Structure formats: C-alpha cells, structure tokens
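Comments concern the structure below.
None of these values were measured; they are calculated from a predicted model.
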Amino acid sequence: MRADPSPDPRQERSAQSDEALRQAHASPPAEPTGSNVGLSVGLAIVFAAVAYVAGIYLDRYSGRFSPLAYNEEAPPIAAGAAAVPPPIDPVVLGKKQYAAACVTCHQPTGLGVPGAFPPLAGSEWVTGNEERVIRVVLHGLSGEIKVGDKVFNGAMPSFGKVPGSGYNWRDDQIAAVLTYVRQEWGNKAGPITPEKVAEVRTKVTRDKPWTAAELSAVESAP
Amino acid sequence: MNAPATPSSASSNDEPVAVETQARWALLLLLALGIKWFVAGGFLALIHSIQLHTPEFLARYEWFTFGRVQAAAESALVFGWVANVGFAIAWWLLGRLGGERPRGAVGALIGVAFWNAGVTVGVIGILAGDLGPYALLQMPAYVFPLLGAAYAAFGVAGLAAWLDRRRADTYAAQWYASAAIFALPWFYSAAYAMLSLYPVTGVSQAIVGAWAGEGLRLVWIAPLALAAAYYLVPKLNGQKLAAYNYADVGFWALIVLAPWVGTRALVGGPVPVWVPTVGVSCTLLLTLHYLIVASNFKAVFRRGSPSQALRFVLVGIAAYLASGLTDTALAFRSVAQYTQFTYLGEARLTLLVLGVFTPIAFGALYFLLPRLTGRAWASDGLIRTHFRATWIGLLILIAGLVGAGLTQGTALVAIRAADGQIAAQTFAEIFAATRPWLLTATLGLGLELLGGVLLLVNGILQLVPASDAAHSDTLASAPAS
Amino acid sequence: MKPSLYFFLGVFGAIALSWAAIVVGSHRQLRALGTHFDPLDNMSVPAAMSGQAAQGQRVYQELGCGACHTQQVRRYGYGWDQNRGWGERQSVARDYALQTHPQLGQARIGPDLANFGERAVKAGVDRAKLYRMLHDGQGGMPAFSFLFERRAIVGQKSSAALALPVAPGWQVVPTSRAEALVSYLLALKQDYALPEAPAAVIPAAVPATPAPAASTAPAATAPAKTP
C-alpha cells in the first residue's frame, strides 16, 4: 500500500498493521549480521571510552565526596577537619576583643586619654603581676589609680563572667586580650593562659570593682 | 478489535482499533485540551520572549511581571500541552500495541477534567505570585493534591493498558510510554514532599529542584516523545527499525542514568563538588542512549517519505539527538563556567519541549485525530504550511536563544579597555548585545505558535460538517487500492 | 504478570537509587554540617535573617526575581564572579543553612545578589535609592511600580516617600512588600569567614575589581531614563 498511486494527503495511512510491526521487531536476529557486528563493536568501544572518561572525571572532581569540598582544584580537605578547628592565635583573638570594647577608652595606640583614661602601653599594671591584671579585667576597677607618674580617676567595667558584668567574656577571650595588650605597643610581658584566668575567677568571688589599693595588696600574694 | 495481520490491505490497517473507539472521548478531550494549552502556553511564552528584549512590556501589571510569565509559560506548556497530549499518545499506543480494550476510560475522562482544572489553577496561581523557584516545579503546592488525585484517575488507565496487554513480548514504544507514565508521579511527588510538605532547608532544596526538574525532562518528557517516535516511524514507513536489538539497552541506559544527571546544573555552585560531578559523569555515560537512538533511526533520515506525519517525527528525533549532543558538550566544567546562567539554559528546555516533544506530538496528532473523528483533515496545504512553520520557527528560535546565550556568556567574562581603564561589561551593555538575538528568538517562537494555530484551524475545519463529498471521506471508507 | 513486575521494579529502583544517593545523601551530609561557630567573633554564622528580611525573601520569590538574578558566587578562577566584585569568596552550602527559601537563581540577566547588601553599603546605596530603582527600573530591569502606592498626605509626608513629581498633597510610598524586599536585599551578605571557603588569593596582575559602574554598584548610578 506504500505504492498507493494517489494517497489522500489529508489522511495519514498506516504502512503496516500493529501486528506486523510487532512481529517485525519481536523476532531476534537469527545470527549476527555484518553491520550488526560492526555496530556492536563500535558501541562497545565508544562506551568503554566514555565510561573511562566519566570514571576519571568522577575521581578527579569528586572532592572525595566530602561535604566541605567546594573547590575541585584545591587539595582535598583532611577528614575531620571540620570537627577540629585550627588553633586560635590569642593575639588575633585579643586584637578583635580589644577593637570591640577596650579601644573606646584606651585608644588604638594604647596611650589612653590624658586626664581621663590611663595608658596601657608601658603601664606597669599591665605588664606586671598576672593575677592583678586578670582581676582588673574580670571584675573592673574604680577610684584613683596611679599609672606611671600620673593619677587617673575613672571606672572600668567588669568583663568576666561574673555577677554584674555586661560583657561576659569567656576565660579564653580575657586571656587573649590580656596577652595582646601585654605584647603590643612595645610591651614585652609573657602571655596569659585561659587556665590562669579560670583559676583566678574560681578563687576570687567579688561583685564590685576593685580599687587600686586592694590590688596593690595582691602583689604580695603568691 | 485488533486488525488481523493482513499487510496487503490498506483499509484493514486503518480500521479503528478498540482504544480508538472505546476511549474516543477521553482521547479527544486530552488532545483538544492539550492543543488549547499549546496555544495558551505559547502566548504566555511569546509575552515572555518579548519581555526578554523589551523589559517594559506589560511590566506595569504585577501578574505579568517577568519571572511569573516565564514560570507560567513553562508550566502551561509542560503540564498542559505535554502532559495531556503526551499521555493521550502513550495511552493510545499502549492500547494499540497491547491489543486490548481500554479500561477506565470513564475514570480517565473525569481525571483529565480535574487535571486540567488543576493546571489552570496552578498557572493562575503562578501569575498571582504563588510560584516556586525551580524549573518545572513552579506550580504552587496547593494544586498538588488535585493534580495527584486527577493523575491517579487517568494515569491508572495508562498503566492498565500496559498491564492488560495480550502478549508477553513487548515493543520499545510500550517501554517508553509506561516508564514515562510512571516517572511523572515519582519525581513530582518526591519534589512536592521535600519542597513543600516537609521542606528541607538551605541548598538541599536546590538539589531536590535540580534532580526532580531534570528527571521530569529526561525520564518523563523525553520518553513520551520517544514512545511516539518508536511507534510512528515503522508504522508510517513500513520498515523495521535498524539495530532494533539494541533498543532495550538504549531504554535502560536512559532510565538508569538520566535520574542522576540533574545536579550537573549546580556546577560551581554552593554544593559539595561531588554533587554536580556525579551529574556530569552520568551525562557522559548517557551518550550510550543517544547513540542507540541514533542507530535506530539513522536509516529513516536517508529515505524520503511522503508522509507529513513522519516528517514531523523526524524533526523531533533530529532535535532530540541535537539536544543530547549539546547536553554532553555543555556538561564539562570548563564549558559550563561560561554557559551557566545564560539563555542557553532556556534554550535547552525549549529544545526539549518545543523541539523534540512538540513536532513528534504534531506528527502523532496528524495520524491519530482522523482515526478518532472519522474524518480526514480539511486541508493538506495547512499541514504543509504547519510543517514549514514548525521546523523553520524552531531553527530560528533555537538559533536566537543559543546566539543570545553565547553572547551573554562571553560578555559576562569579557572586559573592555577604555582610556586605559579595564572594566567588565555592564549589564546594560550585555542587554544591548543580546537584544538582536532575542528579537530573532521571538520571531521563531511566533512562527512556531502560528503553526499551532494552523493545526487548530485545520482541526476545527475537520469537525465542521463538510458540504462537499470529498471532505466527508472517512478512513474506514477509503478505497483499498 | 511477571515481566511487568520486573519492569516496574527496574524503573522504580533506578529512580529511587538516584534519589537516595544524590538527594538524600547530600541532604544528610549538609544537615550534619549545621552552622559554623566562629570562636573569634564568638557567634555562629550565618546568622538567621530578621523577620522582615525573611518576608522579603518571600516577596523576592513571588516576583520571580530568580529568573534574572542568581545568589551564588562561584570560586575565583571559575567564571568571573569575583572579578566582577560580586564577592570575596565562594558561596558554600552553609551560607544558606538557615534559609527556608534559598534563592540560588537560574540566570544572570542581571547581576548576582549574594552580597548585594555589602555592595550597597560600600556604594552608598540606601533604602531611598533602592526604592527609586525598583520604582523606575534600571538598565534591562523593568520597573516594579506596583510595589508602590500613591497616597494622599495625611498630616506629615512619609519619611519613606519617593522624591517624585506628584500632585501637591500626594505622595508615592513603598508598600509593606517593597519595604520587606529592600530589607531582604540589604541583608544579603556573605561577609563572614567559613573554613571551607577561604578568601581567594587573587594574583596581583589580574584586575581584582572592575570599575564601580559595572556591577559593584548597580544602584549607585542614576536611575535609568524612563522615556
């Protein structure tokens, strides 16, 4: 019927019945014919090549299936890198803390404001006894204080996790900011550890700021 | 009932079979609603296309703001046109090849009515602002229960047509049709559950969206088109498909690999690198499927054919192979970094919906509709014009979008030196550079849409009681010689 | 019928496998990550959005902004995102961990907005300028004038009123949706550090930031002419 001399172009003719179509496609080829073998081999070769490339690609760009790998060019991130964060440099943390709170009074230079806020640079209160300076930051300080040869009279708030503190800094934050001010602006005192801060905080119970006189007594403490 | 195997008689080949007589009204309703959605979705797509080069077009109206029109056009074309016509074709060919009376035709009729009500609510909902951000999943969540219930009513009829088949041996068209009918609810309900019912937070949403959206494209829309192609090509040219013994490998390659490729769209994005990498790798493996489809249909391209329907199908197959080729080429990271986020993304979906599915569906319509109505088409001149409008419009549309995409992709990384100053191209400059291409795309889409209108006119004329005798020819009464 | 059962198990299983591996697999990985606690800042990043900004995200989605704007910065060396000044590091999954409606976006017909809030501050774009840009449109972006309403001045003129020539006694003010949208846009910033997304090391020879007119300050330039 494909040879129908004058098919009506307005109707599509079936060229074969559904049954014939099914039968033609149902029977498997009796034996591999020439073109079929060529196609089999060709498909197998092409697919093997593609699978090889796909496999290489997967290996190269999978980031070892890590949820933290976002750059396929970067070296793989070690397992557990997220669980163990890199150690914090106390000076970096301290600088942040200083910039967040201390800088308003003691200034970026650490020189304070003459007549109002005492300097930290070159101050014996800062570089001296560890326990004393920890107490100042933990609980605050008020009243007259002599720094160098000048006398200041002000009030420093408490920063530690103690009653009445509006800051509630953790031990490591206080340790970091003290380490920072003890080593900045030419100061050359040793670092202060969070353990030392924790020790002072548990040992000393206090709910009001220190006075300079009280702190001077600490000097003699062991 | 099924025609006996007497290939010598044309009239016996063309006698209506059980599915055509007993499910006539359900099929006609599906096809009519599908064509309605093609025209409606096409006009929305045209508005979107115009807005691409003339952003102020209808911009005063919130309902026609750019993002909404794009989503509404996409949803109308996919869930109106593709879903209705695709299901009708799949159901029909399952019935024909299975040789059994269709079950659940009445249920299907009701289901179809509710499905289309759901899509209407969905499209209006999008225009009103209830749209999701992921391709093909933009319809608001509240239409899902309606769509789900409706699909249960008519999808079951499709699966019954597969399960009821009389024979154990099956044909490729049946595999693709039943897999497509099955895949739509799988992807859509998984996406609904994870995006709306128990929504995941963060980029997991984007992963769900990419997986389900691409799944719908490749495991629902593409198999619907392939089912029709595998059936119509031998039906219309009377030949056995070449290398048909590989067709099952090609089918399973698609079904097994295609669900994995969706996340390749997230390459370079804020997801762990393995997520897009798996997608890229599987895209490469998927070339096996395209190679086999190409081998099956290769010979058909060489032979000419008097059949208009077959020409439509061949345009669709050619577009399918082209889309496979470009998908593979665009998958690589080195290419994707330039083509990502450009109009090429839109070109890909357009190529599949308007380039692959639509011409094949047109071919199927030209074959099927006269068998349902018992009347020949009113004018073969209209069919010819429709065919020209379709393939020329498609070429222009895709060329426009690809040209715009490549221009945009290069401009996004290009720098210009003026007075020794180095500066990236501004978006106003990129807009100006892509504008001619986008105008071209609108022209192509207009032609494509015009073709759809011609089909509609031809269909309406077909139903008008004919005054002259030639027009009342039915297939059954056509002369056998 | 037996062959049908195998057939459907095959199709079902093929899709289910990809779903389990890609969707569920990545979701479990990402959910386990959670937010990142930054000991230096003593806070978790990213922070949750404010209520108004979260509302703005809904407006952003309702208007389909994602059709033209992405919100994801790709790494330096992959595309030109960072050369265009869209961000100083790659966007990663944790940036979106708390967002119920992340808007990664589909296309870049307009600039990326992942760090729009940060850019706007640098370019001196305030709420008033953003309102004006939304009202008038700019470049290829259409005007979203329906986000604003013309209202009679009762008592004092609204502080948010746009500087537009309107009849005396009237004003054009942003609706609550426009206010939410602008809050959202200004809240878009990925300016904190995450261990998995180190800041890019940009070679000196490459122009790091293009001229401000390009994309760093999309709103800084005068609003586009409205013919």
Side-chain angles (χ1 to χ4, degrees), chain B residues 55-56 59-60 62 65-68 70-71 129 131 133 135 162-163 168 178-179 182-183 186-187 190 194 199-208 211 215 219 252 255-256 259-260 263 268-272 275 278 337 340-343 345 412-413 415 421-428 431, chain C residues 1 3-4 7-8 10-12 14-15 18-19 22-23 26-27 29-31 61-68 70 72 74-75 78-80 83-84 91-93 95-104 106-108 110-111 137 139-146 207 210-211 213-215 218:
Chain B
E56 57 271 26
R60 278 176 52 210
E62 180 173 357
T65 205
F66 180 85
R68 292 188 191 175
Q70 181 183 29
L131 67 159
W162 159 255
L163 295 171
S178 39
F182 186 63
W186 209 139
F187 282 109
M194 297 189 80
V200 293
T201 52
V203 295
S204 294
Q205 277 197 17
I207 295 174
V208 175
W211 171 81
V219 195
W252 286 111
I255 298 300
V256 171
W260 294 77
T263 45
V271 292
V275 175
V278 168
Q337 63 170 320
Q340 212 179 6
F341 308 133
T342 68
Y343 296 107
L412 280 172
V413 298
I415 49 170
Q421 280 221 319
I422 297 171
Q425 286 205 26
T426 66
F427 279 89
F431 173 68
Chain C
M1 209 188 272
S4 296
F7 179 85
F8 280 114
V11 177
F12 180 87
I15 302 176
S18 76
W19 176 73
I22 295 181
V23 178
S26 64
H27 176 57
Q29 269 193 345
L30 296 177
R31 196 182 44 183
Q61 177 170 326
E62 280 171 17
L63 295 176
C65 303
C68 295
T70 56
Q72 46 178 315
R74 297 178 293 177
R75 67 178 169 80
Y78 191 80
W80 269 55
N83 306 56
R84 281 185 169 267
S91 301
V92 295
D95 289 323
Y96 309 86
L98 298 178
Q99 298 188 21
T100 49
H101 297 83
Q103 304 287 329
L104 296 186
Q106 312 273 353
R108 283 182 174 163
M141 186 174 92
F144 289 86
S145 51
F146 49 78
S215 56

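Less than 6.0 angstrom separates the ring centroid of Trp211(B) from the ring centroid of Phe187(B).
Take Glu62(B) and apply the side chain to side chain donor-acceptor pair (under 3.5 Å) test, not counting sequence neighbours, and it matches Arg68(B), Arg177(C). Under the side chain to side chain donor-acceptor pair (under 3.5 Å) criterion, Gln70(B) pairs with no residue, sequence neighbours left out.
With respect to chain B, the highest number of heavy-atom pairs below 4.5 Å among Phe8(C), Tyr78(C), Trp19(C) belongs to Tyr78(C). Taking Cys68(C), Gly66(C), Ala93(C) one by one and counting their heavy-atom pairs under 4.5 Å with chain B, the maximum is reached by Ala93(C). With chain B as partner, the option from Arg31(C), Gln103(C), Gln29(C) having the largest number of non-hydrogen pairs under 4.5 angstrom is Gln29(C). Counting heavy-atom pairs closer than 4.5 Å to chain B, the top-ranked of the candidates Gln99(C), Arg75(C), Gln61(C), His101(C) is Gln61(C). Counting heavy-atom pairs under 4.5 Å between each of Ala135(B), Ala428(B), Gly345(B), Ser204(B) and chain C puts Ser204(B) at the top.
Residue Leu30(C) touches chain B through its side chain alone, counting heavy-atom pairs closer than 4.5 Å. Both the backbone and the side chain of Pro133(B) come within contact range of chain C, judged by heavy atoms closer than 4.5 Å. Residue Phe12(C) touches chain B through both its backbone and its side chain, counting heavy-atom pairs closer than 4.5 Å. Proximity to chain C involves both the backbone and the side chain of Val413(B), based on heavy atoms less than 4.5 angstrom apart. Contact annotation for Val256(B): both backbone and side-chain heavy atoms come within less than 4.5 Å of a heavy atom of chain C. Residue Leu104(C) touches chain B through its side chain alone, counting heavy-atom pairs closer than 4.5 Å. Proximity to chain C is limited to the side chain of Ala190(B), based on heavy atoms less than 4.5 angstrom apart. Contact annotation for Val11(C): both backbone and side-chain heavy atoms come within less than 4.5 Å of a heavy atom of chain B. Looking at Trp260(B), both its backbone and its side chain come within 4.5 Å of chain C, counting heavy atoms on both sides. Both the backbone and the side chain of Thr100(C) have a heavy atom closer than 4.5 Å to some heavy atom of chain B.
Counting only distance, with no hydrogens or angles, the side chain of Gln106(C) and the backbone of Ala67(C) share no donor-acceptor pair below 3.5 Å. Between the Gln425(B) side chain and the Leu412(B) main chain, no donor and acceptor come within less than 3.5 Å of each other. The backbone N or O of Val275(B) sits less than 3.5 Å from a side-chain atom of Thr263(B), completing a donor-acceptor pair.
Counting only heavy atoms from C-beta outward, the side chains of Met141(C) and Phe427(B) never approach each other to under 4.5 Å.
When the shell of 6.0 Å around CH2 of Trp186(B) is examined, it contains more than 12 heavy atoms from other residues, nucleotides or ligands.
Contact detail for Gln72(C) and Tyr96(C): the closest heavy-atom pair is CA-OH, 3.6 Å.
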Audit row: Thr201(B), Leu98(C), side-chain contact (heavy atoms from CB on, under 4.5 Å) steps and yes/no: CA-CA 7 Å; Thr201(B) 52; Leu98(C) 298 178; over 6 Å; no
